[in-house]
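For reference, the structure is listed below as structure tokens.
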Amino acid sequence: MTDICYYCLQKSIATEKLDKKELKELELSCSRISFKKGDKIMIQNTPSHHIAFIKEGLVKVHVMGPEKEQILKIVKGPAYLGIPTTIGAKINEYSATAISKSDVCFIGFDVFKNSILNNGEFAYEIIVELSKSDLQFYKKCINQVQKQGPGKIAEALLYFSEKIFDQQPDFKLPLTRNELGDLTCTSRETVSRILSDFSNNKIIKVNKREISILNKKQLEIISKIG
DNA sequence: GCATTAACCACAG
DNA sequence: CTGTGGTTAATGC
């Protein structure tokens with residue numbers, strides 16, 4: 001049974017631009033699925049016919065490289081997932097895994113495409129989201145390639161605090177040390193060492209996955225100078 | 001040469 | 001899954 005998109009309170013900015021008829025079509029092609037932490041939402045190297053929209057939850061987007069796993073980004077709903085790989089390729093070029101309980105709508109690609117072709121405002125909002133994501137990725141790319149360890153970790157901590165947890169200085173890291181390493185292009189040992197180093201210098205407080213940022217200024221400086 | 005940085009390995013909670 | 005210590009390789013004075 002499909003949900004009624006018209007009454008959905010978690011519509012994307014793009015979907016807000018659709019009229020009643022378009023929403024009805026969306027509704028018919030949309031299936032809403034709940035994922036538990038650790039569930040695979042999208043699997044690399046499998047065919048993709050759907051666009052996913054994360055209504056709620058945290059998702060990690062990752063690819064398996066020749067050597068090891070690389071986490072591309074952490075996405076927080078509401079956000080689209082898999083537009084590039086569904087439009088630009090026939091198979092998924094990356095995987096997505098829920099790292100918290102997540103609600104996701106899968107939209108048939110044909111319906112999604114029709115909305116783009118028929119509704120300019122919808123299409124524009126989709127481009128806005130893709131563009132923002134693109135720019136964010138450039139930034140991450142530069143940061144992770146040119147900074148050294150502490151800079152990368154500082155950057156990641158600030159990212160979680162500001163973007164994922166809405167400016168909260170205290171948060172629970174949704175990743176293991178290993179995954180944080182996969183995200184920041186370092187080893188898990190290096191992550192461990194840098195976190196205890198920050199902790200010793202009273203920049204952050206660490207208790208298992210619980211992180212408190214004590215000295216944000218300092219963290220920003222470390223992130224900036226690399 | 002010497003210092004710094006970080007990966008890899010190993011082992012212990 | 002984590003934290004630490006030793007070792008090693010690369011890089012930059």
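Order of the sequence lines fixes the chain letters, A, B, ..., with proteins taken first and strands second; residue numbering starts at 1 for each chain. Given the structure is predicted, the values throughout are model-derived calculations rather than measurements.
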With sequence neighbours left out, what residues match A:K40 under side-chain hydrogen bond (donor to acceptor under 3.5 Å, both in side chains)? none

Counterpart residues, side-chain hydrogen bond (donor to acceptor under 3.5 Å, both in side chains), relative to A:S100 (two or more places apart): none

Could you check which residues of residues 194-214 of chain A get a heavy atom under 4.0 Å from DNA chain B? Sort them by number, please. none

Quick one, A:I74 and A:I164 - any side-chain contact, counting heavy atoms below 4.5 Å? yes

How long is the line joining NZ of A:K37 and P of C:dC1, in whole Å? 10 Å

Among residues 217-226 of chain A, which residues get a heavy atom nearer than 4.0 Å to DNA chain B? none

Contacts of type side-chain hydrogen bond (donor to acceptor under 3.5 Å, both in side chains), residue A:S133, not counting sequence neighbours: A:K73

Is it true that a side-chain atom of A:T184 and a backbone atom of A:Q144 form a donor plus acceptor pair closer than 3.5 Å? no

How does protein reach along nucleotides 7-13 of chain B, written 5' to 3' as B (base within reach of a heavy atom under 4.0 Å), S (only sugar-phosphate), or - (no contact)? SBBB---

Identify all side-chain donor-acceptor contacts of residues 171-180 of chain A below 3.5 Å with residues at least two apart in sequence or on another chain.
unit_1	atom_1	unit_2	atom_2	d
A:T176	OG1	A:N178	N	3.4
A:T176	OG1	A:E179	N	3.0
A:R177	NH2	A:K208	O	2.2
A:E179	OE1	A:T176	N	2.9
A:E179	OE2	A:K60	NZ	2.7

Could you encode protein contacts along nucleotides 7-13 of chain C as a string, one character per nucleotide from 5' to 3', using B for base contact, S for sugar-phosphate-only contact and - for no contact, with a heavy-atom cut-off of under 4.0 Å? -------

To the nearest Å, give me how far apart CD1 (A:I99) and P (C:dC1) are. 14 Å

State which residues pass side-chain hydrogen bond (donor to acceptor under 3.5 Å, both in side chains) with A:Q10; sequence neighbours excluded, sorted by chain then number. A:E56

Using a strict cut-off of less than 4.0 Å between a Lys/Arg side-chain nitrogen and an Asp/Glu carboxylate oxygen, indicate whether A:E129 and A:K132 qualify as a salt bridge. no

Any residue meeting salt bridge (Lys or Arg N to Asp or Glu O under 4.0 Å) with A:K140, in chain and number order, not counting sequence neighbours: none

Interatomic distance, A:I153 CD1 vs B:dT5 P [rounded to whole Å]: 15 Å

Length of the line joining A:L175:CG and C:dT2:C1', which is rounded to integer Å: 15 Å

Do you know the tightest heavy-atom contact between A:Y94 and A:I83? OH-N, 4.3 Å

Can you confirm whether A:I54 sits close enough to A:F35 that some side-chain heavy atom of one is under 4.5 Å from a side-chain heavy atom of the other? no

Net bend of the helix from B:dG1-C:dC13 to B:dG13-C:dC1, end axes of five pairs each, nearest 10 degrees: 0°

Answer whether the closest heavy-atom distance between the side chains of A:N119 and A:E125 falls below 4.5 Å. no

More than 12 foreign heavy atoms under 6.0 Å from CD1 of A:I225: is that the case here? yes

Please list all pairs passing the side chain to side chain donor-acceptor pair (under 3.5 Å) test where one or both residues lie in residues 211-226 of chain A, with sequence neighbours left out. A:K147-A:S223, A:E155-A:S223, A:E162-A:K216, A:D170-A:S212

May I ask you to decide if A:D197's main-chain N or O and A:N201's side chain share a donor-acceptor pair within less than 3.5 Å? yes

